[in-house]
Amino acid sequence: MSEHRHDHDRGPHRVGQVKEVTSLANPIVKDIKALAQKKTRDETKTFMAEGLKLVIDALELGWTIRTLVYAKAAKGKPQVEQVAAKTFAKGGLVLEVSEKVMSAITRRDNPQMVVGVFEQRYTPLRELRPAAGETYVALDRVRDPGNLGTIIRTADAAGASGVILVGDTTDPFSLETVRATMGSVFAMPVSKASLADFLRWKKEAGVKVVATHLAGAVDYRTIDYKGRPVVLLMGNEQAGIPDELAQQADALARIPQAGRADSLNLAIATGIMLFEARRHLLSLDASE
């Protein structure tokens with residue numbers, strides 16, 4: 001029986017036909033599992049997102065789906081059927097898998113019922129043309145995937161217009177980062193830039209760069225965030241912002257602190273800065 005099933009897993013399938021997979025040895029499953037490694041994500045320019053809501057949002061926002069995977073238990077649910085139909089329409093592959101396979105793909109004991117493999121998407125920095133009332137977050141060499149994901153989610157919640165990754169940063173499309181964004185990775189434009197490219201763009205874009213820095217900085221609440229579009233420049237978790245970058249900023253900000261802790265987590269600090277920079281633009285009425 002298992003041999004027959006193995007043949008079934010590997011057998012040819014027609015476009016528009018759901019492929020049933022129960023074997024962990026299946027090459028397609030191995031390919032999807034390999035997306036846990038950055039090397040594979042870079043080579044294929046794809047990544048994985050878990051959860052039906054995320055997959056629906058991604059498709060609505062125009063992201064390209066390569067493969068849809070759903071657990072047997074999700075079969076027949078109207079929303080899953082609709083997502084499967086959309087995937088077929090875009091030439092993607094649809095897999096119906098056992099819970100064992102789903103756990104192996106997501107590396108979770110109690111996995112989501114639906115997973116999508118999507119094409120990566122970066123917004124070229126030159127395409128970011130900040131307008132009045134817009135706020136961007138620039139992250140200098142951010143290293144922690146949870147921090148990056150939380151910042152992308154928080155930037156989305158605060159109504160920011162984009163996140164710019166400066167220098168050698170962690171991968172925004174890693175499983176851990178995507179999980180931490182709670183779906184905001186699909187809504188928030190993400191750009192990559194070298195330090196030189198970022199500084200060149202800053203001059204041309206007419207933005208006000210506000211950097212968090214310990215030396216010579218002023219209370220973050222006293223800075224004028226109105227007028228020019230603002231870029232909040234946040235430093236690396238360990239080293240902060242290098243002096244050469246801090247010198248290029250238009251304002252240096254510091255968050256006053258009391259208590260034993262001598263520093264804030266990067267994502268928390270970015271959240272505080274974001275909501276202060278956008279204080280004059282946010283109201284409860286607008287979000288209801």
Side-chain angles (χ1 to χ4, degrees), residues 120-144 147-148 150-173 177 184-185 187-255 264 266-267 269-282:
Q120 295 182 15
R121 184 195 288 179
Y122 285 100
T123 302
L125 189 61
R126 66 179 177 277
E127 286 183 15
L128 295 185
R129 296 192 175 89
E134 288 190 339
T135 315
Y136 292 79
V137 176
L139 301 170
D140 172 45
R141 296 164 299 146
V142 57
R143 304 307 303 159
D144 184 86
N147 276 345
L148 176 54
T150 302
I151 288 167
I152 290 170
R153 177 185 180 185
T154 309
D156 184 15
S161 298
V163 172
I164 303 162
L165 305 178
V166 182
D168 183 22
T169 70
T170 193
D171 184 2
F173 296 113
T177 303
S184 291
V185 70
M188 180 60 34
V190 175
S191 298
K192 281 193 298 191
S194 68
L195 181 54
D197 285 344
F198 173 72
L199 291 174
R200 199 176 304 121
W201 173 82
K202 167 204 179 288
K203 286 193 178 77
E204 292 165 0
V207 290
K208 177 174 185 169
V209 172
V210 178
T212 51
H213 198 57
L214 294 179
V218 301
D219 187 322
Y220 77 112
R221 294 165 296 188
T222 64
I223 291 167
D224 180 13
Y225 296 100
K226 297 171 185 162
R228 279 188 290 164
V230 169
V231 176
L232 299 171
L233 176 58
M234 309 296 294
N236 165 273
E237 287 94 339
Q238 275 75 45
I241 289 172
D243 289 338
E244 58 170 321
L245 197 47
Q247 285 160 11
Q248 301 288 328
D250 299 293
L252 297 180
R254 188 170 173 180
I255 301 167
L264 283 167
L266 175 63
T270 306
I272 291 169
M273 292 297 296
L274 266 165
F275 279 91
E276 182 61 28
R278 294 190 61 74
R279 180 197 288 259
H280 63 290
L281 297 162
L282 294 169

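Residue numbers start at 1 and run along the sequence shown.
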Is any side-chain heavy atom of Ile151 closer than 4.5 Å to a side-chain heavy atom of Val137? yes
List in chain and number order the residues that pass ring-ring contact (aromatic ring centres under 6.0 Å, His included) with Tyr136, two or more places apart in sequence or in another chain; answer none if no residue qualifies. none
Is there a side-chain contact between Leu165 and Val142 in this structure, where contact means two heavy atoms from C-beta onward sitting under 4.5 Å apart? yes
Contacts of Arg143 meeting salt bridge (Lys or Arg N to Asp or Glu O under 4.0 Å) (sequence neighbours excluded), chain-then-number -> Asp168
Identify, with sequence neighbours excluded, every residue that meets salt bridge (Lys or Arg N to Asp or Glu O under 4.0 Å) alongside Asp156. none
Given 3.5 Å as the limit, does a donor-acceptor pair link the side chain of Thr135 with the main chain of Gly159, or not? no
Under the rule for salt bridge (Lys or Arg N to Asp or Glu O under 4.0 Å), what residues qualify as partners of Asp219, not counting sequence neighbours? Arg221
Can you sort out the partners of Arg129 under side-chain hydrogen bond (donor to acceptor under 3.5 Å, both in side chains), two or more places apart, ordered by chain and number? none
side-chain contact (heavy atoms from CB on, under 4.5 Å) filter on Arg153, not counting sequence neighbours, yields Met182, Ser184
By salt bridge (Lys or Arg N to Asp or Glu O under 4.0 Å), Arg254 pairs with (sequence neighbours left out) none
So which pairs with a foot in residues 223-240 pass side chain to side chain donor-acceptor pair (under 3.5 Å), sequence neighbours left out? Asn147-Glu237
Results of side-chain contact (heavy atoms from CB on, under 4.5 Å) for Ala253 - residues two or more places apart only: Val210, Tyr220, Ile223, Met273
Taking only residues at least two apart or on different chains, which pairs with a member in residues 202-213 satisfy side chain to side chain donor-acceptor pair (under 3.5 Å)? none
Are any non-hydrogen side-chain atoms of Gln248 and Leu233 less than 4.5 angstrom apart? no
Would you please name every residue forming a side-chain contact (heavy atoms from CB on, under 4.5 Å) with Thr123, sequence neighbours left out? Glu127, Leu128, Pro189, Ser191
Once ring-ring contact (aromatic ring centres under 6.0 Å, His included) is applied, do any residues pair with Tyr122, and if so which ones, sequence neighbours excluded? Phe173
